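Numbers restart at 1 for each chain; the letters A, B, ... are given by sequence-line order, proteins then strands. Bear in mind the structure is a predicted one, so any value in this text is a computation, not a measurement. Both backbone and side-chain heavy atoms feed into the values below; hydrogens, waters and symmetry mates do not.
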Amino acid sequence: MTTGGVCRALMTATFIGVAAVQSDAQTADQHQDPMPADRPEIVAHAFGSVDWVAAQRSETPNSFFLGQLALFVNASINDRVSVLAELVVEASAATTKVTADLERLQLTYRMNDYLNISAGRYHTGIGFYNAAFHHGSYFETAVGRPRIFRFEDEGGPLPIHEVGLSVRGKVPKTDSALHYVAEVGNGRRWADAANQEGLDQNRAKSTNIGLSLRPESWRGAEVGASFYRDDVPVGTEPSVEHHIAAVYGVYRMPATEFMAEWLRLSYRHADSVTHYDNHGGYVQASRAFGKVRPYYRYDRLDINPDTPFIGDFGSSIKHVVGVRLDPIPWVGIKSQYERLYENGGPGANGVHVQLVFVF
Amino acid sequence: MAPTRAALGAWLLWTAQLLQALLPIAQVPSPPPIAVIVHRSNPVESVTFSELRRIFMLETQTWPHGRKITVVLREKGQPERAEAIRIICGLSEADYEKQILFRTFQGRVNIGPRSIQSASAMVRFVYSAPGAVGYLIADQVDPSVKLLRIDDLLPSDPRYPLRRSRRGVPEAER
């Protein structure tokens, strides 16, 4: 095993150990009255999934596989300072080998409801979906993320993760309705992504700002917009200016869910006036009838093939129709039919079943 | 015919008088409402119902004077917990748990609500935690904690919003 492998194994063991300790603590709490704590408190959970997928394409036989196991820990050091970590373990269906990725690690200082400052690795606040669902497939109604929000290592076009500083909170004197987020990070690494240290490749930092409105008179509703910019170095060539504008409208209540997002990804070489504009987004709706929740998602990505970095990602349109069943608390089963059109080609059918759970 | 009609009229009158006499006995008094309590040193006197909901949903996590809010609920499975969550947050207990975990996973919540076994333990906790906010049935409140007004109303006011219905279902949801 390599040094990196040993480190990852140790991290995983630490997470599991913390989870076990927390489990004991929760059990003990049921038999005694908790009193105000003067020591760090830890919350630990794990989110897992088991999948079965079948596609019309002959090169991909139907198969079972293990989804991501997200180990989540949130430790409150004191009233204002906390640490959050999300370690995702992915296992092969054929062997017991695993790969571990530290998806989030944030130290947060909460001055008050108006100012929360975090440092570390975070999910960018571009649009709604990315910073809402993270790697917790249990919370997602449908199987999988919309194409535009797919993770970087799965062919996603967005900077999903970044390392840097993040500030968020409520805007004062708006009756808690208006929220903001501002982020400064290294930006997505498009070249030499496997670099071990992963330091920024230029002085320019990526920035992202967003505003969202959650009116109290319409609980569950949220509308928002964000704007991201970065300068991406391209070897000895002029850098590429990268902008992402996102708008969204969401209504999420226990029984009803409606989500719609649209993003525009713009790229321009610094010495050129030519813009490469790309679009992506989705509309998703679901309604719960007891433990059963039917849902539909329209998922679209339009990529200009001449665009730097993402030109070969391909365009797609996908219709998803499915049903989610939550037979017992913290366990869900999703079954969905998918109709996928890629790069203007004929449609392909697929079926995806996913068992999700939290413990 | 006339004597029969007169007898019927007398019987109806007698029945009406009997019902009128028995009605107050048959009426079940409204159960005492839910009272929201905080530490005696907390300078907050009143919150709006919307603010209270945001506090219990952990969307608001600090008091206006800057102290961290600690939300205290009765233990899982106790009817007092489900009833308070339904009245204050408008959610079932299961949906509330899911929502709190969702917000914790998003990194927006450090620690979820505390769980307390009994009303007396609730009073003891709030008494000893300056940032705590909990709840009791109104007739269980004692002077060691401070009663919070909701929409500037005390539980004794008929317009007080945290009223419990006779069947345990909040009147707003009927």
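Neither the backbone nor the side chain of A/Tyr122 comes within contact range of chain B; no heavy atom of the residue lies under 4.5 Å from a heavy atom of that chain. Within the 4.5 angstrom heavy-atom criterion, no atom of A/Val83 approaches chain B. Proximity to chain B involves both the backbone and the side chain of A/Asp175, based on heavy atoms less than 4.5 angstrom apart. Neither the backbone nor the side chain of B/Val72 comes within contact range of chain A, judged by heavy atoms closer than 4.5 Å. Only the side chain of A/Tyr138 comes within contact range of chain B, with at least one heavy atom under 4.5 Å from a heavy atom of that chain. When heavy atoms are compared at a cutoff of 4.5 Å, B/Glu97 approaches chain A by way of both its backbone and its side chain.
Here the closest heavy-atom approach between residue A/Ala131 and residue B/Arg108 is recorded as O-NH2, 4.1 Å. Here the shortest heavy-atom pairing between A/Asp79 and B/Asn110 reads O-ND2, 4.3 Å. Smallest separation of non-hydrogen atoms from A/Leu84 and B/Gly107: CD1-CA, 3.3 Å. For the pair B/Gly90 and A/Arg219, the tightest heavy-atom approach, listed with the atom from each and the gap, is CA-NH2, 4.2 Å.
Atoms OG1 and CZ, on B/Thr104 and A/Phe72 in that order, are 6.5 Å from each other to the nearest 0.5 Å. The CZ atom of B/Arg53 sits 4.5 Å away from the CD atom of A/Glu216 when rounded to the nearest 0.5 Å. Taking OG1 from B/Thr60 and CG from A/Asp113, the interatomic distance works out to 5.0 Å, rounded to the nearest 0.5 Å. The CG atom of B/Leu91 sits 6.0 Å away from atom CE of A/Met253, with the distance rounded to the nearest 0.5 Å. Rounded to the nearest 0.5 Å, atoms CG (A/Asp326) and NZ (B/Lys98) are 4.5 Å apart.
The closest donor-acceptor contact from the side chain of A/Lys170 to the backbone of B/Glu59 lies under 3.5 Å.
The 12-atom threshold is not exceeded at OH of B/Tyr127, counting heavy atoms of other residues, nucleotides or ligands nearer than 6.0 Å.
Contact tally against chain B (heavy-atom pairs below 4.5 Å) for A/Gln106, A/His135, A/Arg214, A/Arg104: the top residue is A/Arg104.
Below 30°, between 30° and 60°, or above 60°: for A/His134 and B/Phe105 the angle between ring planes is above 60°, a perpendicular geometry.
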* Residue pair A/Arg252, B/Phe102: steps toward the side chain to side chain contact (heavy atoms under 4.5 Å, CB included) verdict -> CA-CA 12 Å; A/Arg252 296 189 84 238; B/Phe102 186 47; 3.3 Å; yes
